[in-house]
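One structure is given below, encoded as C-alpha cells.
The sequence lines fix the lettering, A, B, ..., with proteins before strands; numbering per chain opens at 1. Just the heavy atoms: all of them, side chains too, but no hydrogens, waters or symmetry mates, feed the values below.
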Amino acid sequence: GIQVEQSPPDLILQEGANSTLRCNFSDSVNNLQWFHQNPWGQLINLFYIPSGTKQNGRLSATTVATERYSLLYISSSQTTDSGVYFCAADFAGGTSYGKLTFGQGTILTVHP
Amino acid sequence: SAVISQKPSRDICQRGTSLTIQCQVDSQVTMMFWYRQQPGQSLTLIATANQGSEATYESGFVIDKFPISRPNLTFSTLTVSNMSPEDSSIYLCSVEDAQASTYEQYFGPGTRLTVT
C-alpha cells in the first residue's frame, strides 16, 4: 500500500550541528510537504516540495521525485528547532486527491 | 496562506459524552480535512469534508462515531461521539490554500481532547 517512511526516528544534536532527515515515499505524488510540530501540537509548514530544491534560512529541502525520496537539511541547529518533523505526501492518481499520508516523524532534540 | 482557527483548543470530557470541534477558515476553500493524532503517534486522516455533500470517511472511521458538517465554504465541525479514553487525541483540520495554484495544505492549531 501507500507508504511514507521517515528516518531516523530520533535525532539528538548539540546546538550548532547540521542534520539531514530523510523521507521515502512509495508512489508518485501530487504534493510532498515537510512540517515541524511544536511542543503545543501545532503543525508549522516548512516546505511544499513535490520536486526540486528549496531553501528558507537555515533550512533547505530537496525532493527527487523519480527516486521517491525527499531530504530536509537543518544547518546550525538551535534549541528552538527541537520538536517532531513530519513528511507527508498526497499520492497521485486514484481517489486520493488532497489526502495527506504522514510518515511516523523524526523527533529532534537540540541541546544547548 | 489560509488562516485556520479551531474551537475548543482543548477539553477534558467524561466517557460516553460527545464533543463538537469547530474549524473556521478566513477564505473560501473547497476541501477541508479532519485528522487525528493519538498520543505519541503520527497523523491519520479521518475524513474529507466537501461543502454540499456527505463527508468521505477513511477506513476505520465511521459517520456514527465522527459525524461531520460542512455548511459553507469557510466552516466545518467534527463531532466525537460516545467518547472513550481511546479517543484522547489531538484533532486537527486542514485545508488546501485556494489562493495558490498548488496542493499545499495548512493546518489549524488543533484541539487536544482528553477523555476520562
ILVMFWY cluster, [X] and [Y] together (side-chain gap under 4.5 Å):
X	Y	result
V115(B)	I90(B)	no
L13(A)	L21(A)	yes
I46(B)	V62(B)	no

Using non-hydrogen atoms only, which part of F33(B) is less than 4.5 Å away from chain A: side chain, backbone, both, or neither? side chain

Heavy-atom cut-off 4.5 Å, strictly under: side chain, backbone, both or neither for L43(B) against chain A?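 Contact with chain A: backbone and side chain both.
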
Might you point out which heavy atoms bring S18(B) and N82(B) nearest each other, and give the distance in Å?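 Smallest heavy-atom distance, with atoms named: OG-N, 3.4 Å.
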
Would you call C13(B) and L113(B) a side-chain contact if the rule is heavy atoms closer than 4.5 Å? yes

Please list, chain by chain and in numerical order, all residues satisfying side chain to side chain donor-acceptor pair (under 3.5 Å) with D64(B), sequence neighbours excluded.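 With sequence neighbours excluded, D64(B) shows a side chain to side chain donor-acceptor pair (under 3.5 Å) to no residue whatsoever.
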
Hey, what donor-acceptor pairs show up under 3.5 Å between chain B and chain A?
| from | atom 1 | to | atom 2 | distance (Å) |
| --- | --- | --- | --- | --- |
| Y35(B) | OH | L100(A) | N | 3.1 |
| Q37(B) | OE1 | Q37(A) | NE2 | 2.7 |
| Q37(B) | NE2 | Q37(A) | OE1 | 2.9 |
| S42(B) | OG | G103(A) | O | 2.5 |
| E58(B) | OE2 | K99(A) | NZ | 3.0 |
| E96(B) | OE1 | Y97(A) | OH | 3.1 |
| Y103(B) | N | Y48(A) | OH | 3.3 |
| Y103(B) | O | N31(A) | ND2 | 3.0 |
| E104(B) | OE2 | N45(A) | ND2 | 3.1 |
| Q105(B) | N | Q33(A) | OE1 | 2.8 |
| Q105(B) | O | Q33(A) | NE2 | 3.1 |
| Q105(B) | O | N45(A) | ND2 | 2.8 |
| Q105(B) | NE2 | G98(A) | O | 2.3 |
| R112(B) | NH2 | W40(A) | O | 3.4 |

Hey, what do you get for CG (L45(B)) to CG (L100(A)), rounding to the nearest 0.5 Å?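 It is 8.0 Å, given to the nearest 0.5 Å.
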
